[in-house]
Amino acid sequence: MTDTAPLRESTSSSFPIRVADLPNRSGIRFRLAPDSKSRANIAQQLEVVKLRKLTFIGSLRPDGFHDWVLEGTLGATAVQDCVVTGAPVTTRIDEPVLRRYLRQMPEIEGIEVAIPDDDSIEPLPPVIDLSAVMAEALALSLPDYPRVEGAVFDASASGLTEGEPERRNPFAALAALKDQQD
């Protein structure tokens, strides 16, 4: 991809690119930087307190005659609630993003399907929504259980007593009834 490829920019929460409209030789460069309202909508969808910054910069270039490769960098500053204390946790994300859109997906043989080693391949859609790719990459990059530094889960505060299993076996009551009948 050369720097002479056209640059498309957007600040909204939707950035669809029709594959049929892409230049076949050069592809495009893109820059998606959602405005504050769009970031608030994305934060709400991902159940994040706030997205202070969010950018997705990259290129969409041809790969052979029919396939396309999206390479980019996701940059974000997200604020989430700590799972232990509820205090705000700020996370900085700088993540590479790679998607290979194939017109002809590899054939699956046999009944058993193995998970492919290359998780970047997807079927080529008529429209590639860069904002959807950005939101998916962000969702995968956010910590599942954000914690402030030094936060430790206190089992006694949760109502559990020491030695008590976190979850009761649902079949324990049936086993007790059976023992009573014997």
Side-chain angles (χ1 to χ4, degrees), residues 1-19 21-23 26-63 67-102 105 114-154 157-158:
M1 175 71 53
T2 65
D3 288 337
T4 59
L7 176 65
R8 296 193 188 173
E9 297 184 83
S10 178
T11 58
S12 73
S13 59
S14 179
F15 195 3
I17 303 290
R18 283 179 26 101
V19 174
D21 295 341
L22 288 170
S26 64
I28 63 164
R29 294 176 299 132
F30 62 85
R31 183 175 196 283
L32 178 56
D35 59 23
S36 60
K37 183 178 178 183
S38 298
R39 285 194 316 269
N41 289 338
I42 294 167
Q44 183 179 15
Q45 291 172 358
L46 297 178
E47 298 178 358
V48 172
V49 174
K50 185 176 183 176
L51 288 171
R52 290 188 189 149
K53 297 178 185 175
L54 181 59
T55 58
F56 185 36
I57 300 168
S59 64
L60 188 56
R61 62 179 167 73
D63 185 27
D67 301 334
W68 290 86
V69 175
L70 181 150
E71 288 183 288
T73 302
L74 174 71
T77 302
V79 179
Q80 297 174 277
D81 288 331
C82 173
V83 295
V84 177
T85 65
V89 178
T90 301
T91 304
R92 178 68 195 154
I93 297 168
D94 287 301
E95 195 70 31
V97 178
L98 173 66
R99 300 286 186 278
R100 294 182 334 134
Y101 296 100
L102 306 179
M105 290 294 288
I115 297 174
D117 292 332
D118 187 357
D119 64 352
S120 68
I121 61 172
E122 295 185 19
L124 180 64
V127 175
I128 297 172
D129 188 351
L130 297 176
S131 56
V133 174
M134 177 187 66
E136 176 186 27
L138 178 60
L140 293 171
S141 299
L142 288 169
D144 292 330
Y145 303 101
R147 289 185 180 194
V148 294
E149 193 170 323
V152 178
F153 177 70
D154 182 10
S158 68

Practice item. Quick one: do Ser12 and Ser14 satisfy side chain to side chain donor-acceptor pair (under 3.5 Å)? Show the steps, please. Key: CA-CA 5 Å; Ser12 73; Ser14 179; 5.5 Å; no
Practice item. I would like to know whether Val19 and Ile128 meet side chain to side chain contact (heavy atoms under 4.5 Å, CB included); could you show each step before the answer? Key: CA-CA 7 Å; Val19 174; Ile128 297 172; 3.9 Å; yes
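A 4.5 Å side-chain heavy-atom check between Pro62 and Trp68 finds at least one atom pair inside the cut-off. At least one side-chain heavy atom of Leu74 sits less than 4.5 Å from a side-chain heavy atom of Met134. No side-chain heavy atom of Ser59 sits under 4.5 Å from any side-chain heavy atom of Ile28. A 4.5 Å side-chain heavy-atom check between Leu51 and Leu138 finds at least one atom pair inside the cut-off. Looking at Asp81 and Val49, their side chains come closer than 4.5 Å, going by heavy atoms from C-beta outward. You'll find the side chain of Leu124 stays beyond 4.5 Å of the side chain of Asp67, heavy atoms only. The side-chain heavy atoms of Thr90 and Arg52, taken from C-beta on, include a pair separated by under 4.5 Å.
Looking at Ser38 and Asn41, their side chains never bring a donor and an acceptor atom within 3.5 Å of each other.
Under a cut-off of 6.0 angstrom, the local environment of CZ in Arg8 is crowded, with over 12 non-hydrogen atoms contributed by other residues, nucleotides or ligands. Other residues, nucleotides and ligands place more than 12 heavy atoms under 6.0 Å from the CD atom of Glu9.
Nearest heavy atoms, Leu46 versus Ala139: CD2-CB, 3.7 Å. Of all non-hydrogen atoms in Pro6 and Gly27, the two that sit nearest each other are CD-O, 3.4 Å. Nearest heavy-atom pair, Tyr101 versus Pro123, reported as atom, atom and distance to 0.1 Å: CD2-O, 3.8 Å.
Distance OG1/Thr55 to CD1/Ile93: 11.0 Å, rounded to 0.5 Å. In this structure, the separation between CG on Leu60 and CZ on Arg29 is 13.0 Å, given to the nearest 0.5 Å. In this structure, Leu98 CG and Glu71 CD are separated by 5.5 Å, a value rounded to the nearest 0.5 Å. For the atom pair CD1 of Ile17 and CG of Leu130, the computed distance is 5.0 Å after rounding to the nearest 0.5 Å.
In this structure a side-chain-to-backbone donor-acceptor pair under 3.5 Å is present from Arg39 to Pro34.
Listed by first and then second residue, the salt bridge (charged side-chain N to carboxylate O under 4.0 Å, His left out) pairs that reach into residues 124-137 are Arg99-Glu136, sequence neighbours excluded.
Under the rule for a ring pair (Phe, Tyr, Trp, His ring centres under 6.0 Å), the partners of Phe30 that lie at least two apart in sequence or sit in another chain are Phe56.
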